[in-house]
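None of the values given here were measured: they were computed from a predicted structure. Side chains are part of it too, since the values below use all heavy atoms of this structure and drop only hydrogens, waters and symmetry mates.
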Amino acid sequence: MTPLPRGPLPPLVAVAHGSRDPRASATVEALLEDVRRARPGLLIREAYLDHTRPALGEALAGLDEAVVLPLLLTEAYHSRVDIPSALREAGAARPGLRVHQGPTLGPHPLLMAALERRLAEADVTIGDPDTAVVLVSAGSSDPRANAVIADMARTWARSRPWHSVIPAYASAASPTPEQAVLSLMGGADLEGDGGAIPGHDTGPWRRRGTGPGDDAGTRPRRIVIAPYLLASGHFADKIRRNTLEAGAHAVAGPLGPAPELATVLLGRYAEATRRFRAGRRLAAILPGR
């Protein structure tokens with residue numbers, strides 16, 4: 001378990017996206033309960049950006065300072081714009097409040113371990129060379145966030161002897177999860193824009209020798225879906241339904257309250273707390289410090 005800095009610790013406020021689906025908030029509560037059990041002396045609150053209460057300002061009520069951590073899997077609009085904006089609003093209302101925003105959960109090597117945990121629970125043999133993995137994120141209008149998923153797919157393909165690892169996006173980018181499945185089955189060409197930004201090489205995760213006219217023996221015998229999602233909800237349900245209809249053999253569950261996520265969250269908290277104590281500015285330091 002990640003060692004925390006010595007001395008009094010600032011409260012931790014974990015900020016999730018929020019959803020109308022109650023399974024999402026239940027996942028957040030379960031994850032934070034795991035963190036509380038691991039660090040019983042640490043004050044932990046949850047907050048949501050949309051659909052669910054408490055909002056971030058409400059979660060900060062009664063606190064003089066806090067470390068705010070986004071329960072998000074990639075850096076994108078919510079962590080770069082929405083959370084800092086909410087923190088500035090809270091600071092304007094309470095000039096003495098000191099709040100320090102830490103990094104998102106991902107990317108992190110332990111999240112890859114959590115993905116493999118969920119695949120194993122779906123009876124997938126980890127690293128099977130006859131199995132292709134479709135790594136599916138929610139997708140973002142920020143190409144930098146989508147490029148992170150392409151980078152993860154490339155790293156995963158290099159670290160395990162999978163047939164291939166293909167990134168896909170449930171929204172805002174391509175390929176979609178079902179497009180990736182159909183391409184692996186040989187029914188369509190794989191085209192994607194999810195990682196197409198300068199400085200990001202998307203080539204290594206792409207299939208070789210599995211196009212529609214290639215010999216069937218080069219195609220994977222099994223196609224499995226690894227959702228890079230925190231919780232069940234609209235995207236998870238859509239991914240499961242569409243990929244199974246397209247021909248996927250198995251769909252893993254979302255990451256949920258996997259023990260790896262609790263470890264990552266505590267590590268991000270420790271990192272943010274140390275930086276604050278060292279006097280380094282984080283992504284958001286409110287007026288009044």
Quiz item: Quick one: are L255 and L73 in side-chain contact, heavy atoms under 4.5 Å?
Solution: yes
Quiz item: Do the non-hydrogen side-chain atoms of V264 and L266 ever get within less than 4.5 Å of each other?
Solution: no
Exercise. Kindly compute the distance separating CD (E260) from CZ (R118), expressed to the nearest 0.5 Å.
Key: 7.5 Å
Practice problem: Check for a donor-acceptor pair, side chain of T104 on one end and backbone N or O of G106 on the other, with a separation under 3.5 Å. | Solution: yes
Quiz item: Going from CZ on R160 to CE on M112, what distance comes out if it is rounded to the nearest 0.5 angstrom?
Solution: 10.0 Å
Quiz item: Closest heavy-atom contact between R45 and L60?
Solution: NH1-C, 4.2 Å
Exercise. Quick one: closest heavy-atom pair of A258 and A114, and the distance?
Key: CB-CB, 4.2 Å
Quiz item: How about V134 and I223: do any of their side-chain heavy atoms sit closer than 4.5 Å?
Solution: yes
Quiz prompt | Residue of the set V136, V251, I225 for which side chain to side chain contact (heavy atoms under 4.5 Å, CB included) holds with R240 | solution = V251
Quiz item: Do L56 and V81 sit in the same hydrophobic cluster, where Ile, Leu, Val, Met, Phe, Trp and Tyr count as joined when their side-chain heavy atoms come under 4.5 Å apart?
Solution: no
Self-check item: Heavy atoms from other residues, nucleotides or ligands near CZ of R23 exceed 12 (cutoff 6.0 Å)
Solution: yes
Quiz prompt | Closest heavy-atom pair and its distance - P10, V67 | solution = CG-CG2, 3.8 Å
Exercise. Side-chain contact test, heavy atoms from C-beta onward, threshold under 4.5 Å: evaluate it for L69 versus L105 and give yes or no.
Key: no
Quiz item: Should we count CG of D237 as having more than 12 external heavy atoms under 6.0 Å?
Solution: yes
Self-check item: Interatomic distance, D123 atom CG to R222 atom CZ [nearest 0.5 angstrom]
Solution: 7.0 Å
Quiz item: Taking C-beta and beyond as the side chain, do H234 and R20 meet within less than 4.5 Å on heavy atoms?
Solution: no
Quiz item: Could D128 and R221 be called an ion pair, given the rule that one side-chain N must be under 4.0 Å from one carboxylate O?
Solution: no
Quiz item: Are L72 and Y77 in one and the same hydrophobic cluster, where Ile, Leu, Val, Met, Phe, Trp and Tyr link if side-chain heavy atoms are under 4.5 Å apart?
Solution: no
Practice problem: Determine the minimum heavy-atom distance between P227 and G253, stating which atoms define it. | Solution: CD-O, 4.0 Å
Quiz item: When hydrophobic residues are tied together by side-chain contacts of less than 4.5 Å, even through go-betweens, does W156 share a cluster with I126?
Solution: yes
Quiz item: Can you check whether S171 reaches K238 side chain to side chain, under 4.5 Å on heavy atoms?
Solution: no
Exercise. Mind telling me whether H78 and H17 have parallel, tilted or perpendicular rings, with 30° and 60° as the class edges?
Key: perpendicular
Practice problem: Output yes when a side-chain donor or acceptor of E245 lies under 3.5 Å from a complementary backbone atom of N242, and no otherwise. | Solution: no
Quiz prompt | Side chain proximity check, R80 to E75, heavy atoms < 4.5 angstrom | solution = yes
Quiz item: Are I166 and L184 close enough that some pair of their side-chain heavy atoms sits under 4.5 Å apart?
Solution: yes
Quiz item: Does E271 come within less than 4.0 Å of R275, counting only side-chain N to carboxylate O?
Solution: yes
Quiz prompt | Minimum-distance pair of heavy atoms, taken over all atoms of S137 and L229 | solution = C-CD2, 4.3 Å
Quiz item: Can you tell me how far CZ of R39 sits from CG of L12, rounded to the nearest 0.5 angstrom?
Solution: 12.5 Å
Quiz item: What are the two closest heavy atoms between L135 and A153, and how far apart are they?
Solution: CD2-N, 3.9 Å
Quiz prompt | Working for salt bridge (charged side-chain N to carboxylate O under 4.0 Å, His left out), residues D34 and R37 | solution = CA-CA 5 Å; D34 288 345; R37 283 194 291 267; 2.2 Å; yes
